[in-house]
Amino acid sequence: MSSLLQKGTPVSQHSAAVLRASRAPLVVSSVPDAEPGAGEVLVRVRAIAVNPVDWVIQGTGSVTYRWLRYPAVLGSDVAGEVLAVGAGVTRFRVGDRVFGLATGTDRGRDPMREGAFQETTVLLERLTAATPSGVSDAEAAVLPLGASTAACALFQPAHLGLRMPGDAVVPGDAVEPEGERGVVVVWGGSTSVGMNAVQLARAAGYDVVSTASPRNAALVRSLGADVVVDHGDARAVEHLVEGIGGRRVVGAVALGTTSAAACIEVLRRTGGSVLAMASTPVSLDGLAGRRRLFPAMLPVFTRVGLTMARLTLRARRAGIRSAFVWGSSLRDDEVGRRLWSEVLETGLSDGTLRPVPEALVVGEGLGSVQTAIDRQRAGVSAQKVVVTL
Ligand SMILES: NC(=O)c1ccc[n+]([C@@H]2O[C@H](COP(=O)([O-])OP(=O)(O)OC[C@H]3O[C@@H](n4cnc5c(N)ncnc54)[C@H](OP(=O)(O)O)[C@@H]3O)[C@@H](O)[C@H]2O)c1
């Protein structure tokens, strides 16, 4: 960080990996420091992780994130230490090690103040947790968007509306009508979101059945799934239904382009009635980064729209309530407050939650962020691409 003189006023600056325009490569440059406002913490970033949404925004933001203004700093996953706290912050002090969900690319937020891919960033206190002493910054950085999206799917009333970890089990209540635990279906248990969904559902006291490629089956079991079937197997739906074995299904979380159709079939055959979808049914990979999005985007977005409409109709006909999950929608709700102020800190400290997936550190310094985004886009298996700063 440096101090520059601009029009006679000292302006502190720091480095950021900046997206100057839609579909441009990230460029490391100096940007003004931010002051934390009320309920915010300023963090010296030590590790960031990359999500599929980062290359989606970089490559298609002009049509998918139309509200985003440029220049912008992307990124959701941050770990580091607190440099300053804003008014009203009670949970953190300067010097605390923390990790948190950066929401700068959300509608109405400021991507230059609140994006992850920079030396210092502003996090909301309510989306920040203390990093336990046994967890490194690279490990903590894998969690924010994965755990938040999983929590939205599992716990928000608009989705599965399940009991959260730490809630008392009241046999006979609406969640446990027959005094049995109920089983959650997580299709895509070896994705970043899926691993967090498996361990959060298990920590909340539910049984979990899931899918993964055979090489990741043991890992997903170790997070708490009692049945893991191969999502590449043409009979995966049948195997999951067999694995559920008559248990009461409390809902399904669908991760991966083909997952919603498969989950609807599992729910239909097992009497489950709630589906949380986190993935678009058509990959945007073919669009991201094209020099011209128009007209290539037209058939892709038409397919996305038609497939979503068809899936929603199919679900409704089967008596299944379905909705699309937005991972940062917990910013202002009780699920977000509890996940970030109780569940993650407690679970990581007592070992009921693990920092998953494993961090794959691909470089050090902001100059490595573009490489990291390209690496995540090329495909990962049960790993989270991380850059340390
Ligand atoms: N809506 C939101 O707010 C939100 C937020 C975050 C992510 N997402 C979406 O959620 C999905 C997962 O994101 P992520 O970051 O968790 O992904 P990720 O970790 O990059 O996903 C990679 C994983 O996908 C798995 N996979 C491969 N084939 C699959 C299949 N047929 N079905 C299910 N999984 C399969 C692979 O597991 P194996 O190697 O074991 O096959 C691999 O580990 C993506 O579609 C992402 O865009 C949405």
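All ligand and atom numbering here is 1-based and tracks the order in the structure. Note that these values count all heavy atoms, side chains included, but never hydrogens, waters or copies made by symmetry.
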Open item on the list: How close do Thr131 and Ala140 get, counting heavy atoms only, and between which atoms?
Closed with: CG2-CB, 3.8 Å
Open item on the list: Just to be sure I read this right, does ligand 1 sit under 4.0 Å from the backbone of Val380, its side chain, both, or neither, counting only heavy atoms?
Closed with: both
Task: Residue selection (non-hydrogen contact nearest atom 29 (C) of ligand 1) among Gln383, Gln376, His231 - done: His231
Task: atom 33 (C) of ligand 1 - nearest protein heavy atom and its distance - done: Leu255 O, 3.2 Å
- [ ] Would you mind checking which non-hydrogen protein atom is closest to atom 1 (N) of ligand 1, with the distance to 0.1 Å?
- [x] Val325 O, 2.8 Å
Task: Any N or O of Trp326 closer than 3.5 Å to N or O of ligand 1 - done: no
- [ ] Inspect the contact between Arg113 and Asp33 and indicate whether a charged nitrogen and a carboxylate oxygen are less than 4.0 angstrom apart.
- [x] no
Open item on the list: One residue to check: Thr149. Relative to ligand 1, which of side chain, backbone, both or neither has a non-hydrogen atom less than 4.0 Å away?
Closed with: side chain
Open item on the list: Taking the basic N atoms (NZ, or NE/NH1/NH2) and the acidic carboxylate oxygens, is any pair closer than 4.0 Å for Asp226 and Arg221?
Closed with: no
Open item on the list: If the threshold is 4.0 Å, N to carboxylate O, is there a salt bridge linking Glu238 and Arg269?
Closed with: yes
TODO: Could you please spell out the steps behind the side-chain contact (heavy atoms from CB on, under 4.5 Å) verdict for Val53 and Tyr65?
DONE: CA-CA 10 Å; Val53 71; Tyr65 276 62; 3.3 Å; yes
Open item on the list: Out of all atoms in ligand 1, which are within 4.0 Å of some heavy atom of Ser190? Include the element for each.
Closed with: 37 (O), 38 (P), 40 (O), 43 (O)
- [ ] Please write down residue, atom name and distance for the protein heavy atom closest to atom 38 (P) of ligand 1.
- [x] Ser213 OG, 3.2 Å
Open item on the list: Between the side chains of Asp77 and Lys384, is the shortest nitrogen-to-carboxylate-oxygen separation below 4.0 Å, so that they form an ion pair?
Closed with: yes
Open item on the list: Taking ring pair (Phe, Tyr, Trp, His ring centres under 6.0 Å) as the definition, give me every residue that meets it alongside Trp326, ordered by chain and number, with sequence neighbours left out.
Closed with: none
Open item on the list: What protein heavy atom lies closest to atom 46 (C) of ligand 1? Include the residue and the distance to one decimal.
Closed with: Pro52 CG, 4.0 Å
Open item on the list: Side chain or backbone, does Ala212 bring an N or O within less than 3.5 Å of an N or O on ligand 1?
Closed with: no
Open item on the list: Less than 4.0 angstrom from a charged side-chain N to a carboxylate O is my criterion; do Asp333 and Arg126 meet it?
Closed with: no
Task: Electrostatic pair Glu345:Arg91 at N-O distance under 4.0 angstrom - done: yes
Task: Point-to-point distance, once rounded to the nearest 0.5 Å, from CD1 of Ile57 to OG of Ser76 - done: 7.0 Å
Task: Note: Arg109-Glu114 ion pair, threshold 4.0 Å (strictly below) - done: yes
TODO: Only heavy atoms count here, so choose which of Val193, Thr191, Val356, Leu145 is nearest to atom 17 (O) of ligand 1.
DONE: Thr191
- [ ] Specify the protein heavy atom at minimum distance from atom 39 (O) of ligand 1: its residue, its atom name, and the distance to 0.1 Å.
- [x] Ser381 OG, 2.6 Å
Task: Residue and atom name of the nearest protein heavy atom (relative to atom 3 (O) of ligand 1), distance in Å to one decimal - done: Gly327 N, 2.7 Å
Task: Per-atom contacts of ligand 1 with Gly188, taking only distances under 4.0 Å to non-hydrogen atoms - done: 33 (C), 34 (N)
Task: Enumerated ligand 1 atoms positioned under 4.0 Å from heavy atoms of Asn216 - done: 38 (P), 39 (O), 40 (O)
Task: Cation-aromatic face contact Arg338/Phe155, 6.0 Å, 45 degrees - done: no
Task: Option set Ser279, Gly232, Ala382, criterion heavy-atom distance to atom 10 (O) of ligand 1, minimum - done: Ser279
- [ ] Return a yes/no value for Phe324: is any of its N or O atoms, backbone included, closer than 3.5 angstrom to an N or O of ligand 1?
- [x] no
Task: Ala278 heavy atom under 4.0 Å from ligand 1 - done: yes
TODO: Can you pull out the closest protein heavy atom to atom 18 (P) of ligand 1? Residue, atom name and distance to 0.1 Å, please.
DONE: Ser192 N, 4.0 Å
Task: Arg215: numbered ligand 1 atoms lying under 4.0 Å from its heavy atoms - done: 39 (O)
